[in-house]
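In what follows, residues are counted from 1 in the order of the sequence shown. These numbers were taken from a predicted model, which means no experiment stands behind them.
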Amino acid sequence: MPIRPEHRFFYPIDWPQLSDAIRFRRARGRCEECARPHLQRVFYLGDGRWWDAEISGWRDGHGRRLRTRLRDEDLLARIRITRVVLAAAHRDHDTANNEDANLAAFCQRCHMLHDRDEHQRRRWRTLFRRKAMGDLFRGPYPSD
């Protein structure tokens, strides 16, 4: 995920090199949570299962190979395609802690799941701010 300009000063100057070392040397170009490959198009279902072309089989949301066959008759209608992009993430959400054990290579899906609480907090703050702006400029909301 790209770093927003207002947050760039939280990251060290050598962040691109750190990110590359984590994503490509340590993780070998695969998500450390679900094993999706970097810059590859993958077929996936909405529940985290995805098709790994290297093993010619399905994997679950944690990268484990599925041993059972998928029995859904409408499977082709549910399949989507995405292009995987790896990002380096902080496991403890502290951008100052750049120790090797605290950094992880995550795909978009795993990164969003990892940061779920932060994204929900931002969404609620934005909605609260919009309501406060409405109160400020338009007066109280009408009661039903």
Side-chain angles (χ1 to χ4, degrees), residues 1-138 141 144:
M1 292 179 168
I3 301 171
R4 292 184 178 181
E6 62 267 19
H7 298 145
R8 204 165 287 271
F9 67 92
F10 288 120
Y11 291 84
I13 293 172
D14 63 343
W15 179 251
Q17 291 81 13
L18 278 171
S19 176
D20 283 350
I22 295 299
R23 293 180 299 149
F24 302 118
R25 281 188 233 138
R26 187 178 82 191
R28 294 185 185 101
R30 285 191 169 256
C31 177
E32 291 181 328
E33 183 69 22
C34 69
R36 291 182 185 192
H38 181 62
L39 294 182
Q40 298 295 316
R41 291 183 190 265
V42 296
F43 298 100
Y44 73 99
L45 304 174
D47 59 1
R49 293 178 291 180
W50 62 279
W51 179 259
D52 189 352
E54 282 186 20
I55 65 168
S56 297
W58 289 93
R59 291 188 184 266
D60 67 2
H62 298 287
R64 295 182 297 252
R65 186 175 184 167
L66 295 178
R67 302 280 181 211
T68 59
R69 295 184 68 112
L70 300 177
R71 288 182 234 158
D72 195 359
E73 308 86 35
D74 198 22
L75 187 64
L76 290 177
R78 293 181 41 209
I79 291 179
R80 301 177 213 161
I81 301 173
T82 187
R83 185 168 185 241
V84 178
V85 177
L86 290 182
H90 291 87
R91 292 186 190 272
D92 66 355
H93 305 283
D94 180 11
T95 57
N97 184 1
N98 293 314
E99 294 180 19
D100 196 45
N102 187 46
L103 296 174
F106 287 152
C107 65
Q108 308 98 303
R109 177 184 176 273
C110 296
H111 202 160
M112 289 298 285
L113 290 174
H114 176 71
D115 291 341
R116 180 185 307 162
D117 294 337
E118 177 66 19
H119 291 288
Q120 285 179 336
R121 184 185 65 77
R122 285 184 191 165
R123 192 171 106 221
W124 279 108
R125 189 175 71 194
T126 301
L127 292 174
F128 180 75
R129 188 179 301 140
R130 285 183 185 159
K131 182 176 180 186
M133 294 294 282
D135 291 344
L136 181 64
F137 292 108
R138 291 184 217 106
Y141 289 106
D144 291 334

Report, as yes or no, whether the 6.0 Å neighbourhood of atom CZ on Arg28 holds more than 12 heavy atoms from other residues, nucleotides or ligands. no
Pairs in or reaching into residues 17-36: which pass ring-ring contact (aromatic ring centres under 6.0 Å, His included), with residues at least two apart or in two chains? Phe24-His38
Can you list the residues that meet the side-chain contact (heavy atoms from CB on, under 4.5 Å) rule with Thr82, with sequence neighbours excluded? Arg36, Val42, Tyr44, Gln108
Listed partners of Leu66 passing side-chain contact (heavy atoms from CB on, under 4.5 Å), at least two apart: Arg49, Trp58, Asp60, Leu70
Taking everything shown except Phe43 itself, do over 12 heavy atoms lie less than 6.0 Å from its CZ? no
I'd like to know whether Arg26 forms a salt bridge (Lys or Arg N to Asp or Glu O under 4.0 Å) with Glu32, so could you lay out the CA-CA distance, the side-chain angles of the two residues, the decisive distance to 0.1 Å, and finally the verdict. CA-CA 9 Å; Arg26 187 178 82 191; Glu32 291 181 328; 2.9 Å; yes
Which label fits His114 and His93: parallel for a plane angle under 30°, tilted from 30 to 60°, or perpendicular past 60°? parallel
For His90, which of Asn98, Asn102, Thr95 qualifies under side-chain hydrogen bond (donor to acceptor under 3.5 Å, both in side chains)? Asn98
What do you reckon, is CD1 of Ile13 surrounded by more than 12 foreign heavy atoms closer than 6.0 Å? no
Sort and list the pairs that fulfil side-chain hydrogen bond (donor to acceptor under 3.5 Å, both in side chains) and have at least one residue in residues 12-25, not counting sequence neighbours. Ser19-Arg23, Asp20-Arg23
How would you list, by chain and number, every residue that makes a salt bridge (Lys or Arg N to Asp or Glu O under 4.0 Å) with Glu54, sequence neighbours excluded? Arg30
The criterion is side-chain contact (heavy atoms from CB on, under 4.5 Å); which residues satisfy it with Asp94, sequence neighbours excluded? Asp92, Ala96, Asn97
